[in-house]
Structure formats: C-alpha cells, structure tokens
Amino acid sequence: MCMIDRGRGFTLIELIIGIVVLAAGLTGILLVFNQTVMRSADPMLQQQALAIAEGYLDEALLKAYADPEGDAGCETSRALYDDVADYACVNDSGGALDQYGHGLAGLAEYNVVMTVVDVSLGSGTNAAAARRVEVVVTHDKDPGLRMVLSGFRGNY
C-alpha cells in the first residue's frame, strides 16, 4: 500500500515570506552592484590623468634650467619651449596636447595647467637654485578629479 505524507512541503504563506526575503536580499545586492558600476570609470580617469601629468612633467624637467637664448618669457608654441620657465605658460584647458600642440585623441576633456616657481634648496652656502614645476590635471566631467604632480629642476 502506498502512503502519501501530506506533512512535507511548503505552505503558501511560507512561499510568500521566502519570496519577500529573497527579493529584499537581491535588492540590497543590486544597489551595491549599481554603485560599483557607476564609479567603475574613476580608476581609468585617474590613471589617464596621472599619465598626462607625468608626460608634461617629464617634458618640462628634461629642458634646460635657463633659457639658452637669454630671453625671458614664453615662447610662441610648446614646440619652441627650450627651458623649464617656458612651461609656466602652459594652460591647456581644451584638452591635453602633445609637445607640438596637437590634441591627443580621447583626452579632450582633460585640462592641464603648469606653474614654475624659483626656489632655493638647502640653506646658507650650501643653497642651490632650483625651479619647482607643478602640473595640475583636471577633468571636465569629474570635478572631484584633480591630479597634482611636482618636481624640481636644479641649476647644475
């Protein structure tokens, strides 16, 4: 004789409570996932800003400390920059540019501003003249992104 045990299984109320608990858990997980996806481009923007800042800083620090022609002031284009002080005139607010003034593909929303300040390293007779070069990179669509790099060019 075959007996059916009717005591096993779920009631309708247990199923509804289970569905509600499962839905609440999935909602929490999806909210966390949504926040993660919304900010997933931030590391890429920061990495690109860092690469841009490093490129500008390296370009400036590789130039001579003093102008070889002896004239003060900025050259007419970055292709003619021949000393560190010329980079105080860099204000690329329409996108990052290469050293010849050409826009870099995909980087039109980055803004670059450079400052150059004369400083003295050390004190007394051991003091050495130097120039502090600072590069600030920002992004049009992410106002919280501000990458600042600085370096020194000594007069040796």
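With sequence neighbours left out, Y87 forms a ring pair (Phe, Tyr, Trp, His ring centres under 6.0 Å) with Y81. By the salt bridge (Lys or Arg N to Asp or Glu O under 4.0 Å) test, R153 pairs with no residue at all, sequence neighbours left out. Looking at residues two or more places apart in sequence or on another chain, you find a side chain to side chain donor-acceptor pair (under 3.5 Å) between D140 and N111. Partners of S77 under the side-chain contact (heavy atoms from CB on, under 4.5 Å) rule, at least two apart in sequence or in another chain, are A79, L80. Taking the side chain to side chain donor-acceptor pair (under 3.5 Å) definition, one finds that D83 meets it with nothing, sequence neighbours left out. Checked against side-chain contact (heavy atoms from CB on, under 4.5 Å), A49 has the following partners two or more places apart in sequence or in another chain: Y110, V137, L145, M147. Residues that satisfy the side chain to side chain donor-acceptor pair (under 3.5 Å) test with N91, not counting sequence neighbours, are absent from this structure. Not counting sequence neighbours, the partners of R132 by the side-chain contact (heavy atoms from CB on, under 4.5 Å) test are V119, E134, S150, F152.
When all heavy atoms of A129 and Y65 are compared, the pair lying nearest together is CB-OH, 3.7 Å. Taking each heavy atom of A85 and V116 in turn, the nearest pair found is CA-CG1, 4.2 Å.
For residues 87-156, the pairs satisfying disulfide bond (SG atoms under 2.5 Å apart) are C74-C89, with sequence neighbours left out. A salt bridge (Lys or Arg N to Asp or Glu O under 4.0 Å) check over residues 90-111, counting only residues at least two apart or in different chains, returns the pairs R78-D92, E109-K141.
In this structure the side chain of V136 reaches within 4.5 angstrom of the side chain of R146, judged on heavy atoms.
In this structure, I13 shares a hydrophobic cluster with I17, V21, the cluster being traced through Ile, Leu, Val, Met, Phe, Trp and Tyr side chains under 4.5 angstrom apart. In the hydrophobic clustering, where aliphatic and aromatic side chains (Ile, Leu, Val, Met, Phe, Trp, Tyr) are joined below 4.5 Å either directly or transitively, L22 groups with L26.
Rounded to the nearest 0.5 Å, atoms CG (L104) and CD (Q48) are 10.5 Å apart. Atom CD1 in I29 sits 13.5 Å away from atom CG in N34 (nearest 0.5 Å). Between the CG atom in L121 and the CG atom in N155 there is a gap of 11.0 Å [rounded to 0.5 Å]. Taken to the nearest 0.5 Å, the CG atom of L45 stands 11.5 Å off from the OG1 atom of T138. Rounding to the nearest 0.5 Å places NE2 of H139 at 8.5 Å from CG of L107.
Without hydrogens or angle criteria, N126 side chain to G122 main chain gives no donor-acceptor distance under 3.5 Å.
None of L61, V133, L97 except one satisfies the side chain to side chain contact (heavy atoms under 4.5 Å, CB included) rule with Y56; the exception is L97.
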key: Verdict with reasoning, R131 to V117, per side chain to side chain contact (heavy atoms under 4.5 Å, CB included)   = CA-CA 5 Å; R131 291 198 166 129; V117 179; over 6 Å; no
query = Does the side chain to side chain contact (heavy atoms under 4.5 Å, CB included) test come out yes or no for V112 and V135, once each step is laid out?
reply = CA-CA 7 Å; V112 182; V135 182; 3.9 Å; yes
